[in-house]
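To start, the structure itself, in structure tokens.
Remember, it's a predicted structure, so these values are computed and weren't measured experimentally. Atoms considered below: every heavy atom in the structure, side chains included; atoms not considered: hydrogens, waters and symmetry mates.
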2 protein chains.
Amino acid sequence: MGAGRGLRDAVLDRTSPVPLYYQLAQSLETAIRSGRLSSGSHLDNELELARQLRISRPTVRRAIAVLANRGLVIRRHGIGTLVVPVKIRRPVRLSSLYDDLAEAGQAPTTRMLAFETVPVPAEVASSLQVSRGARVLHFERLRMASGQPIALMRNFLPLSLAEIVTEGDLRNTGLYRLLQRGGIHLRLASQSIGARSAQPREAKLLKVPSGSPLLTMRRISYDDAGRSVEYGSHVYPADRYSFEMSVVSDSTT
Amino acid sequence: MGAGRGLRDAVLDRTSPVPLYYQLAQSLETAIRSGRLSSGSHLDNELELARQLRISRPTVRRAIAVLANRGLVIRRHGIGTLVVPVKIRRPVRLSSLYDDLAEAGQAPTTRMLAFETVPVPAEVASSLQVSRGARVLHFERLRMASGQPIALMRNFLPLSLAEIVTEGDLRNTGLYRLLQRGGIHLRLASQSIGARSAQPREAKLLKVPSGSPLLTMRRISYDDAGRSVEYGSHVYPADRYSFEMSVVSDSTT
DNA sequence: GAGGTCAGGTTGTCATTACAACTGGTTTTG
DNA sequence: CAAAACCAGTTGTAATGACAACCTGACCTC
């Protein structure tokens, strides 16, 4: 069955600097999320899509590959491309908690607990690729949403970023947005998620009983050029926070 | 600088059923992991690689795209492709704990606590896409590694898989391997990672103090065809377990 | 010396073409 | 009637060609 009707409207703009394959991927994604392409239905086949949109099949394939990598569709050799059923769809994005909350309409606020330069702690030095004894930027923030504390975040950054990341800016926006504005393009992060009991200070700040379970995340972020940009060690009250992610097995293309 | 010397040996086998781009991706990956391609160095440029290996540039690009998606290399427009520094490299694979442990030489063992069919619990029904009131396969396992309990795993599966997943098999191998052997190809999972305190029964089984922090994971897995295959609800002692993952920002290609 | 300009090299995008491999249903065959 | 063979439809792999966009470093100008 042809499920691609709503797409002929999705005109592709050949003059736009946005690549055609990406324009198509986005219009397919909105079609899926809006329900115009219903769960489990077939996409039109690749040749048909190419014909309809007057683009080549490789371009169509590349657009579909983007969706497949995000887990929105599943390709089946000899069968076709299917829209993934129900409403999974939760990427572990390389994004900031601040933006995620703002997007969800939660009006996040930030309380600065520390902002200083310190000698780099041992376990941070190797991660940040700075020499031992060097000084780094350190700050600690308490993130609130809807009046409730939701995260206690400690970060270490190379001193070279001190111009981009200032105390005032951090009060009003997320770290990742600041970095982006400063021309730092994050590309990769490695993170570790664990749990432990709240220490007294953490418990008090997060307004949970001492000893109650916390989610912990340690993250090291790298930019375009492979430089390490940030070391973060964050804790979240377990009853107010969890990590959602979808995992796709290698589909390559 | 040309860092692709070790690759001319990496002969590509055109008669193999393994795609050329994938053969190349793998030989590049081993070259990187073995250190033959050192951190931060440039890969030979795409045209050069294509010439050396007698394949087309799109095929080279596709191979590099695989590595970029895994976060092993970073492409920079106008610059080249760089090998990612240091030793991050930890995918959240769609794999089983059993295999991961076995791979790490931990000799995992499994203790079956339950294996039965039960009426499907409400919150499982919607996830597994079975009608309410239907019966499903349910089992609970305690996974040990090096003599210590490391995970308490509760799973629900559609009854149709009862032939593939038997009690005896589960004692000796992981669920995912069983499914694969049964012709089920997992493609996608959505999971949620959180934390909470250990209940008395959990604490006893996992040999931790009651009330101590546990990592929790809830996972729903889907196969090729988009059918939901498994609902899993697992808990891990926080001091013996954590999730490692690397996150790559959309690099599309 | 500081700044702008330009050229060369690199990855990014896209079209076109061809064939291989897989799936599911239909037809043929035993 | 059942099993095998075939066929149409679909995605997978690969080559070739062309041009655009981008970055760096060298050169030139002021």
When rounded to whole Å, the CG to P distance for the pair Leu82(A) and dT10(D) reads 13 Å
Here the distance between atom P of dT10(D) and atom CG of Leu43(A), to the nearest Å, is 12 Å
note: Arg61(B), atom CZ; dT16(D), atom P; distance rounded to Å ~ 17 Å
Can a side chain N or O of Arg62(B) be found less than 4.0 Å away from OP1 or OP2 on dA14(D)? no
Atom CD1 of Ile55(A) and atom C1' of dT13(C) are separated, to the nearest Å, by 12 Å
Between CD1 of Ile74(B) and P of dG12(C) the distance, given in whole Å, is 12 Å
Rounded to whole Å, CD1 of Ile64(A) lies from P of dT13(D) at a distance of 14 Å
Under 4.0 Å between a side-chain N or O of Tyr21(A) and OP1 or OP2 of dC14(C)? no
- Between Thr81(A) and dT10(D), is there a side-chain N or O to OP1/OP2 distance below 4.0 Å? no
Polar-atom pairs under 3.5 Å, protein N or O versus N or O of nucleotides 20-27 of chain C: list them with distances, or write none.
from	atom 1	to	atom 2	distance (Å)
dA21(C)	N3	His77(A)	NE2	2.9

Sequence neighbours excluded, the answer for side-chain hydrogen bond (donor to acceptor under 3.5 Å, both in side chains) partners of Arg218(B) is none
Contacts of Leu161(B) meeting side chain to side chain contact (heavy atoms under 4.5 Å, CB included) (sequence neighbours excluded), chain-then-number -> Leu157(B), Pro158(B), Ile164(B), Leu179(B), Ile184(B), Val229(B)
Only one of Asp13(A), Leu12(A), Leu20(A) passes side-chain contact (heavy atoms from CB on, under 4.5 Å) with Ser16(A), and that residue is Asp13(A)
Contacts of Pro121(A) meeting side chain to side chain contact (heavy atoms under 4.5 Å, CB included) (sequence neighbours excluded), chain-then-number -> Glu123(A), Val124(A), Phe156(A)
Legend entry - Sugar-phosphate, base or nothing in reach of Pro58(A), heavy atoms under 4.0 Å: base
In whole angstroms, the gap separating P of dA14(D) from CZ of Arg54(B) amounts to 17 Å
From CG of Leu47(B) across to P of dT11(C) the rounded distance in Å is 8 Å
Comparing nearest nucleotides in DNA chain C, the 5'-proximal residue of the pair Leu20(A), Asn45(B) is Asn45(B)
Sequence neighbours excluded, the answer for ring-ring contact (aromatic ring centres under 6.0 Å, His included) partners of His234(A) is none
Do any N or O atoms from the side chain of Glu46(A) and from the backbone of Val60(A) form a donor-acceptor pair under 3.5 angstrom? no
Practice prompt. Using a cut-off of strictly less than 4.0 Å, decide whether Thr59(A) has a side-chain nitrogen or oxygen near OP1 or OP2 of dA15(C).
Written response: yes
Salt bridge (charged side-chain N to carboxylate O under 4.0 Å, His left out) pairs touching residues 15-26 of chain B, sequence neighbours excluded, are none
